[in-house]
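Read the structure below first, then the notes.
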There are 2 protein chains.
Amino acid sequence: MNSEAAHDILAKYLKSNGKRRATTERYAVLDEVMRTQGHFDAEGLYYRLITNGVKVSRATVYNTLELLQNCGLVSKYRFTENSSRYERSYGRPHHHHLICLECGDIIELVNERLERLQNELCSEKSFTPQSSTVQVFGTCSRCRKKE
Amino acid sequence: MNSEAAHDILAKYLKSNGKRRATTERYAVLDEVMRTQGHFDAEGLYYRLITNGVKVSRATVYNTLELLQNCGLVSKYRFTENSSRYERSYGRPHHHHLICLECGDIIELVNERLERLQNELCSEKSFTPQSSTVQVFGTCSRCRKKE
DNA sequence: CTCGGTGCAAATGCTTTGCAATGTC
DNA sequence: GACATTGCAAAGCATTTGCACCGAG
């Protein structure tokens with residue numbers, strides 16, 4: 001998707017943050033992220049980069065993912081035990097997740113009322129929200145039918 | 001708190017689950033959990049057990065925490081990067097978390113409307129919910145003032 | 001007496017780190 | 001040229017596992 005706009009955001013972020021440098025690796029990782037639909041993990045992204053002939057190290061992938069998080073281009077989640085999952089967040093509305101415990105499928109949820117209610121509850125507690133996740137674990141309709 | 005009732009729940013669960021056995025270690029871990037206020041991690045619980053003269057291994061602590069999760073006595077969360085956090089869930093309403101990124105404080109949130117809205121959204125997607133967490137990351141009022 | 005559970009230490013798997021080499025600014 | 005960033009392999013860390021021993025049923 002609009003990869004160029006994402007480049008701009010990263011460029012602006014790097015410049016505004018003093019000593020941070022624009023390296024080929026960082027843009028390569030960003031491109032791969034923008035090419036990716038849905039959720040992915042660090043290892044998978046690394047594998048796809050290598051397979052596409054991009055020379056990066058795992059360390060750089062992890063570093064860059066953190067960087068991209070900081071400029072709001074990527075979100076990070078921890079649904080299951082072992083590994084962190086990421087997703088492209090540029091150009092996508094804020095949303096939440098229904099996670100099927102049977103098949104691991106993730107259904108996304110966008111809801112204005114939920115956002116509003118959350119904000120309301122935060123101000124009741126004088127809490128200034130920055131980011132949030134709603135994670136509902138359960139069974140999706142497909143798996144439900146199988147049983 | 002009502003540790004005896006919790007014992008009963010565990011006993012019932014063990015019996016109903018065929019081959020599972022009631023060991024001293026399991027009850028010792030449960031007792032320590034019931035004695036704990038707020039959130040804790042596996043290592044901390046292990047440490048407190050050892051310090052109190054209870055002989056258990058880390059492996060058993062992890063095992064038992066999973067067991068207690070399965071009978072609904074304990075909930076598990078993954079707020080931060082590294083380690084899982086647990087909390088006693090027996091005798092407590094379902095609630096959510098506002099997590100302060102400055103001081104790490106966790107504010108609990110109980111709200112009926114939020115629960116209802118969640119359930120509504122699930123049925124729209126024909127999703128059968130089992131458990132859920134809402135995690136809002138931000139700044140608490142105390143840290144807000146400091147800035 | 002059986003077989004599920006425990007303890008230990010070693011293994012696992014994701015993620016980070018230390019340091020020399022590299023490439024941006 | 002200075003120094004932030006990279007790559008590599010090794011280290012870290014929370015959690016799990018394999019196996020011999022133990023003890024609940």
Side-chain angles (χ1 to χ4, degrees), chain A residues 7 10-32 39-71 74-86 104, chain B residues 7 10-32 39-71 74 76-86:
Chain A
H7 274 221
L10 178 53
K12 210 167 288 179
Y13 180 78
L14 292 172
K15 218 170 274 178
S16 75
N17 260 275
K19 328 222 153 171
R20 296 185 149 287
R21 290 182 179 167
T23 65
T24 14
E25 288 83 357
R26 285 176 173 170
Y27 284 104
V29 171
L30 175 56
D31 284 338
E32 194 56 52
H39 299 83
F40 58 91
D41 59 13
E43 184 62 28
L45 192 73
Y46 170 69
Y47 179 77
R48 262 176 288 132
L49 282 160
I50 293 298
T51 309
N52 293 346
V54 179
K55 290 204 73 190
V56 256
S57 64
R58 242 178 280 263
T60 300
V61 170
Y62 280 102
N63 276 337
T64 307
L65 282 173
E66 198 189 331
L67 185 72
L68 295 179
Q69 253 186 100
N70 291 338
C71 46
V74 157
S75 310
K76 184 175 183 177
Y77 302 98
R78 195 113 206 187
F79 296 132
T80 55
E81 265 327 278
N82 333 303
S83 77
S84 298
R85 314 278 308 169
Y86 301 84
Chain B
H7 274 220
L10 178 53
K12 211 167 285 178
Y13 180 79
L14 292 172
K15 218 171 272 176
S16 76
N17 259 275
K19 326 224 154 169
R20 294 185 152 286
R21 290 180 181 169
T23 65
T24 16
E25 287 83 359
R26 285 175 173 172
Y27 284 103
V29 171
L30 175 55
D31 284 338
E32 194 55 53
H39 300 82
F40 58 91
D41 59 14
E43 184 62 28
L45 193 72
Y46 170 69
Y47 179 77
R48 263 177 286 132
L49 282 160
I50 294 298
T51 309
N52 294 345
V54 178
K55 291 204 71 190
V56 256
S57 65
R58 241 177 280 264
T60 300
V61 170
Y62 279 103
N63 276 338
T64 307
L65 282 173
E66 197 187 333
L67 184 72
L68 295 179
Q69 254 186 100
N70 291 337
C71 44
V74 158
K76 184 174 182 178
Y77 302 98
R78 196 114 206 185
F79 296 131
T80 55
E81 267 323 278
N82 333 302
S83 76
S84 297
R85 314 278 309 170
Y86 300 84

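In what follows, every chain begins at residue 1, and chains take the letters A, B, ... in the order their sequences are listed. Not measured: the values here are computed from a predicted model.
Shown here are the side chain to side chain contact (heavy atoms under 4.5 Å, CB included) partners of B/Thr24, two or more places apart in sequence or in another chain: there are none.
Within the 4.5 Å cutoff, the side chain of A/Cys71 has heavy atoms near those of the A/Leu10 side chain. At least one side-chain heavy atom of A/Leu65 sits under 4.5 Å from a side-chain heavy atom of A/Phe40. Within the 4.5 Å cutoff, side-chain heavy atoms of A/Tyr13 are placed close to those of A/Leu67. In this structure the side chain of A/Thr64 never reaches within 4.5 angstrom of the side chain of A/Leu30, judged on heavy atoms.
Atoms CZ (A/Arg85) and C1' (C/dT15) sit 16 Å apart, rounded to a whole Å. Following rounding to the nearest Å, A/Leu67 (CG) and D/dA4 (P) show an atom-to-atom distance of 15 Å. Rounded to a whole Å, the CG atom of A/Asn63 is 8 Å from the P atom of C/dT16. The separation between B/Arg26 atom CZ and C/dT6 atom C1' is 10 Å, rounded to whole Å. In this structure, A/Tyr62 atom OH and D/dA10 atom P are separated by 18 Å, rounded to whole Å. What separates CG of B/Asn17 from C1' of C/dG5 is a distance of 15 Å, to the nearest Å. Atom CG in B/Leu65 sits about 12 Å away from atom P in C/dT6, given to the nearest Å. Rounded to whole Å, the distance from CD on A/Glu66 to P on C/dT16 is 7 Å.
For A/Tyr27 and A/His7, the ring centers are positioned less than 6.0 Å apart.
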Counting only pairs under 3.5 Å, give me each side-chain donor-acceptor contact of residues 49-62 of chain B, with atom names and distances, residues two or more places apart or in other chains.
| unit_1 | atom_1 | unit_2 | atom_2 | d |
| --- | --- | --- | --- | --- |
| B/Thr51 | OG1 | B/Tyr47 | O | 2.6 |
| B/Asn52 | ND2 | B/Glu32 | OE1 | 3.0 |
| B/Asn52 | ND2 | B/Arg48 | O | 3.3 |
| B/Ser57 | OG | B/Thr60 | N | 3.3 |
| B/Ser57 | OG | B/Thr60 | OG1 | 3.1 |
| B/Arg58 | NH1 | B/Glu43 | OE1 | 2.6 |
| B/Arg58 | NH1 | B/Glu43 | OE2 | 2.7 |

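Within the structure, no pair that satisfies the salt bridge (Lys or Arg N to Asp or Glu O under 4.0 Å) test touches residues 14-26 of chain A, not counting sequence neighbours.
Note that the OH atom of A/Tyr77 and the NE2 atom of A/His39 stand 6.0 Å from one another [nearest 0.5 Å]. If you take CZ on A/Arg85 and OG on A/Ser75, they are separated by 13.5 Å, rounding to the nearest 0.5 Å. If you take CD on B/Gln69 and NZ on B/Lys76, they are separated by 5.0 Å, rounding to the nearest 0.5 Å.
Between its opening and closing five pairs, the helix from C/dC1-D/dG25 to C/dC25-D/dG1 changes axis direction by 30°, a value rounded to 10 degrees.
Closest contact between the side chain of A/Ser57 and the listed nucleotides C/dT6, C/dG4, D/dG7 involves D/dG7. Listed nucleotides D/dT6, C/dT15, C/dG7 differ in distance to B/Thr60; the shortest reach to its side chain belongs to C/dG7. For A/Glu25, the side-chain atoms get nearest to D/dT6 when compared with the rest of D/dT6, C/dG5, C/dT15.
The stretch residues 39-56 of chain B touches DNA chain C through B/Lys55, B/Val56, each having a heavy atom under 4.0 angstrom from the strand.
For A/Ser84, no side-chain nitrogen or oxygen approaches OP1 or OP2 of C/dC14 to under 4.0 Å.
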Inset, instruction - Using a 4.0 Å heavy-atom cut-off, write out nucleotides 18-25 of chain D from 5' to 3' as B (base contacted by protein), S (sugar-phosphate only) or - (no contact). - result: -----BBS
